[in-house]
Each structure stands twice: as structure tokens, then as C-alpha cells.
Amino acid sequence: TQYWESNNACTHNLMSLSVKNNVKKIIYLSSTSYYGAEDNISLIYPLKKSSPTLSMVAEQQNINTNSDNVYYSISKVIGEQIIAAYSITGLIQSYILRIWPVREPGIFAPYNSDIPIHVDIRNVLQAIGLCIELNSKKMYHVYNVTDMIETVDISDTINILGYNPI
């Protein structure tokens, strides 16, 4: 599908070229789709970095969503795994930011959900800036970035990255 090309083949090419050109750090903007945060998929809140992905819960739930959402979600997981492979093997330092839906202030329910999830674009920019400035020896980092602390565990984003949502 189109998602394989953009989220996986292009991510692999980007990582390969980054290593070849001695790039030291990459910041990858992922999304809530990593968790399968799409229509009709039950998630357990608060979401944590260790929460199961769509493919992990597929057998346990009667997944009823369109195939584009499924392909997109799985492609986000694979994309992050490609980056992890380059980082865990010591080739390049990576920061993966799982960005929640960017919405206007006051609009908190994407995907026709009653769960309030939102991120202000200023918070996304703050998290990117913090990743740029962070001097860490750790090669692989993953952070959730959202405004709504009640539905998403962003404790690592606050404690390690120094994130302070608006």
C-alpha cells in the first residue's frame, strides 16, 4: 500500500542515507496510530509507551475498521522498528515522538471518540526542540507527546525530556 512506501521504505532509505552521511541524531514524528488509535478499536487508558499495538490486540478484539486504518497503524509500528534497528545497533541516535492529533484548542475527541486526546502544535514544537538539545548517551528514545495527561502517560516525556505542556 501507499503506507508501506511512505512509512517503511522511505524510513529505511532515510536511515540508511543518514548513517552513510554521518548524521548523529534523527527525530522521527510517529503518531497515535502506533497503538491502533483508530475507529472502533478499544484502547486501555492511560496509554503508555508499553501499551500493545493493533497487531497485538487483533485476536482479543473484534476489530472493525477500514483496511486503510489497519495498514496505516501497522506501517507506523514497522517504521518505528526500522528506526530501532539502526539505533539499537549503535548506528544512529533516534528520538521517536508519538504525536497525538493536532487539534484546535477545545476540540478533544478525534475519531468520533469520547476519549479526550489533543496536542497543541506549540507542544509538538517544544518536544522537537527538547530532543534537539538533549545530550544523551542512550541511542534509542520514545516519547508520547500530548496535552491530555489524564489519557496518556507522558511521565518520561516530562521527567527525561523536560517537557512542560501548555
Sub-4.5 Å side-chain heavy-atom contact between [X] and [Y]:
X      : Y      : result
Glu5   : Cys10  : yes
Ile74  : Tyr3   : no
Trp100 : Asp147 : no
Val152 : Tyr35  : no
Leu47  : Thr32  : no
Trp4   : Ser75  : no

Ser73 side chain to Val70 backbone, donor-acceptor under 3.5 Å: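 Absent.
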Where Lys76 and Leu29 come nearest, the two heavy atoms and their spacing: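 Shortest heavy-atom contact: NZ-O, 3.8 Å.
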Minimum heavy-atom distance between Asn144 and Asp153, given as atom pair plus value: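 Smallest heavy-atom distance, with atoms named: ND2-O, 3.5 Å.
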Which residues share a side chain to side chain donor-acceptor pair (under 3.5 Å) with Ser30, sequence neighbours left out: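 Scan of Ser30 (side chain to side chain donor-acceptor pair (under 3.5 Å), adjacent residues dropped) gives Glu80.
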OG on Ser33 to CG on Asn7, rounded to 0.5 Å: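 Rounded to the nearest 0.5 Å, the CG-OG separation comes to 9.0 Å.
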Spacing of Ile166 atom CD1 and Asp120 atom CG [to the nearest 0.5 Å]: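 Reported to 0.5 Å precision, the distance equals 5.0 Å.
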Parallel, tilted or perpendicular: rings of Tyr86 and His12 (30°, 60°):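 Rings of His12 and Tyr86: tilted, as their planes differ by 30° to 60°.
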With sequence neighbours excluded, residues passing salt bridge (charged side-chain N to carboxylate O under 4.0 Å, His left out) with Lys49: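 Per chain and number, Lys49 pairs via salt bridge (charged side-chain N to carboxylate O under 4.0 Å, His left out) with Asp156.
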Quick one: side chains of residues 127-136, donor-acceptor pairs under 3.5 Å with protein atoms, not counting sequence neighbours, listed by atom name and distance.
unit_1 : atom_1 : unit_2 : atom_2 : d
Ser136 : OG     : Lys138 : N      : 3.1
Ser136 : OG     : His141 : NE2    : 3.4

Joint hydrophobic cluster, Met15 plus Met139, side-chain heavy atoms closer than 4.5 Å: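 The answer is no; the residues belong to distinct hydrophobic clusters.
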